[in-house]
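To start, the structure under review is shown below, and the notes come after it.
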Amino acid sequence: MSGLPALRRAGRRTNLALLLLLMGAFGTGWLAFAAAAPVPAELVTTAHGLLGLGIIALAPWKATIVRRARTWRPMSLLLAVAIIACLAGGFALVFVGPAGVAGLTAVQLHVGGALIALPLLVVHLVRHRRRQGFRRRDISRRALLRTGAFAAATGTGYLLLEGVGRWTGSAAAGRAPTGSHQIAPSEVPATIWLLDRVPLLDPTTHHVDVAGRPFAIIDLAALAEPVDVRLDCTSGWYAEETWTATRLDRLLPATELRAAASIEVVSATGYTRLFAPSDAGILWLATATGGQPLRPGRGAPVRLVAPGRRGFWWVKWVSAVHLSGTPYWAQSPFPLQ
Ligand SMILES: Nc1nc2c(c(=O)[nH]1)N[C@H]1C(S)=C(S)[C@@H](COP(=O)(O)O)O[C@H]1N2
Ligand SMILES: [Mo]
């Protein structure tokens, strides 16, 4: 293989291209978690997929560099394993679906691989910083033409894989713009973002503090109406459900709402998300789904339904809805609990 003339050119530029692809894949991965609206989601997941394929396309060149090396450090081998695991998780998610093997879901393998690779990559870069990096001639006409040809080949590979995915009837065919696969409402798993715990709240005594006014669950249920909304979790699934819910603008005092910087939705567990005041017209407090009261794991007795937002915004076990002076953008883009 290393005898191929094209592969003999493997070197600094291969490493630089790989680094740029890895950084792009990492960045678009986070963006893909945040994206919900169809067009941005489609763009960002497509970019993410192309960057991932680009990494694979460079593998023969990188293998040539690795073979030339005098010693193989365990850390570098571990880095390769983490990246391969990450790629395998990504392919499994696209072509098989969100379910996993051996207690590990496709997304856990994908994100876990990336998060393990990150510090290893930093160490690897520091160790090999000499004679690497960017040079002026990397933007020569010839280099740009070569990059263009590489990008075209990767794009063709992407289209071919999409075609094969559809033609074979794999799970890839039916995925939403976010990349998620549809599951039945009855199959929705009770999902924890990171480290939260399921609290057991008594529906007969639990109250939600809405801007200082306590609401009992039966009072919220009495105001509720059916609403069809898609719950799209970043672990690779979505479900269409009919929620029984009350819109926040019917509960919040209008004048105070206009003066607020944000709506703060707080869980009994402390899990909190901030929303723009104008979102009061689209956010719902739900007490039931599919005509049945919520199960404990799914947010009983009351949870947020946030149309057009990914699952981690859908605060479960809501204990309060405050009007806050903190702007909604002044929060971590993803929950930390
Ligand atoms: N308090 C709290 N709310 C939460 C979470 C959590 O961990 N804690 N997980 C979120 C995530 S990541 C998703 S996808 C949805 C899942 O809702 P489900 O359990 O009904 O599937 O709840 C969201 N609300
Ligand atoms: Mo989620």
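Keep in mind the model is a prediction, meaning the values are calculated, not measured. Read the numbers this way: they start at 1 and go in the same order the structure lists the ligands and their atoms.
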[X] heavy atoms, cut-off 4.0 Å: which ligand 1 atoms fall inside?
{"X": "Trp317", "value": "1 (N), 2 (C), 8 (N)"}
{"X": "Val188", "value": "21 (O)"}
{"X": "Ser267", "value": "1 (N)"}
{"X": "Gly297", "value": "19 (O)"}
{"X": "Ile192", "value": "7 (O)"}
{"X": "Pro189", "value": "18 (P), 19 (O), 21 (O)"}
{"X": "Cys233", "value": "14 (S)"}
{"X": "Ala190", "value": "19 (O)"}

Below a 4.0 angstrom heavy-atom separation, can you tell me which part of Thr269, side chain or backbone, both or neither, approaches ligand 1?
side chain

Any side-chain heavy-atom pair of Arg247 and Glu225 under 4.5 Å
no

Closest approach of any protein heavy atom to [atom], naming residue and atom:
{"atom": "atom 23 (C) of ligand 1", "answer": "Gly311 O, 3.2 Å"}
{"atom": "atom 12 (S) of ligand 1", "answer": "Trp193 CE3, 3.6 Å"}
{"atom": "atom 17 (O) of ligand 1", "answer": "Arg303 NH2, 2.9 Å"}
{"atom": "atom 24 (N) of ligand 1", "answer": "Trp314 O, 2.9 Å"}
{"atom": "atom 20 (O) of ligand 1", "answer": "Arg298 NE, 2.7 Å"}
{"atom": "atom 6 (C) of ligand 1", "answer": "Tyr271 CE1, 3.5 Å"}

Stepwise, does the side chain to side chain contact (heavy atoms under 4.5 Å, CB included) test hold for Val188 with Arg298?
CA-CA 9 Å; Val188 173; Arg298 301 209 58 205; 3.3 Å; yes

Looking just at side-chain N and O atoms, do Trp30 and Thr28 make a donor-acceptor pair shorter than 3.5 Å?
no

Should we say atom CZ of Arg213 is surrounded by more than 12 heavy atoms from elsewhere, each under 6.0 Å from it?
no

For atom 1 (N) of ligand 1, the option (of Asp196, Thr272, Thr191) bearing the nearest heavy atom:
Asp196

Taking atom 18 (P) of ligand 1 as the point of reference, which of Lys316, Arg310, Arg295 owns the nearest heavy atom?
Lys316

Option among Val321, Val210, Asp279 that satisfies the side chain to side chain contact (heavy atoms under 4.5 Å, CB included) test with Leu248
Val321

From OH (Tyr328) to CD (Glu264), nearest 0.5 Å
16.0 Å

Calculate, to the nearest 0.5 Å, the distance between atoms CZ and OG1 belonging to Arg8 and Thr64 respectively.
10.5 Å

Short question: side chain of [X], backbone of [Y] - any donor-acceptor pair under 3.5 Å?
{"X": "Arg258", "Y": "Pro253", "result": "no"}
{"X": "Glu241", "Y": "Pro185", "result": "no"}
{"X": "Asp138", "Y": "Arg135", "result": "yes"}

Taking distance alone, with N or O pairs closer than 3.5 Å, would you say Trp237 contacts ligand 1?
no

Judging by distance only, is a nitrogen or oxygen of Gln337 under 3.5 angstrom from one on ligand 1?
no

Might you work through the side-chain hydrogen bond (donor to acceptor under 3.5 Å, both in side chains) test for Ser235 and Trp237, ending with a clear yes or no?
CA-CA 6 Å; Ser235 51; Trp237 55 263; 3.3 Å; yes

Would you please indicate yes or no on a ring centroid separation below 6.0 angstrom for Trp313 and Trp193?
no

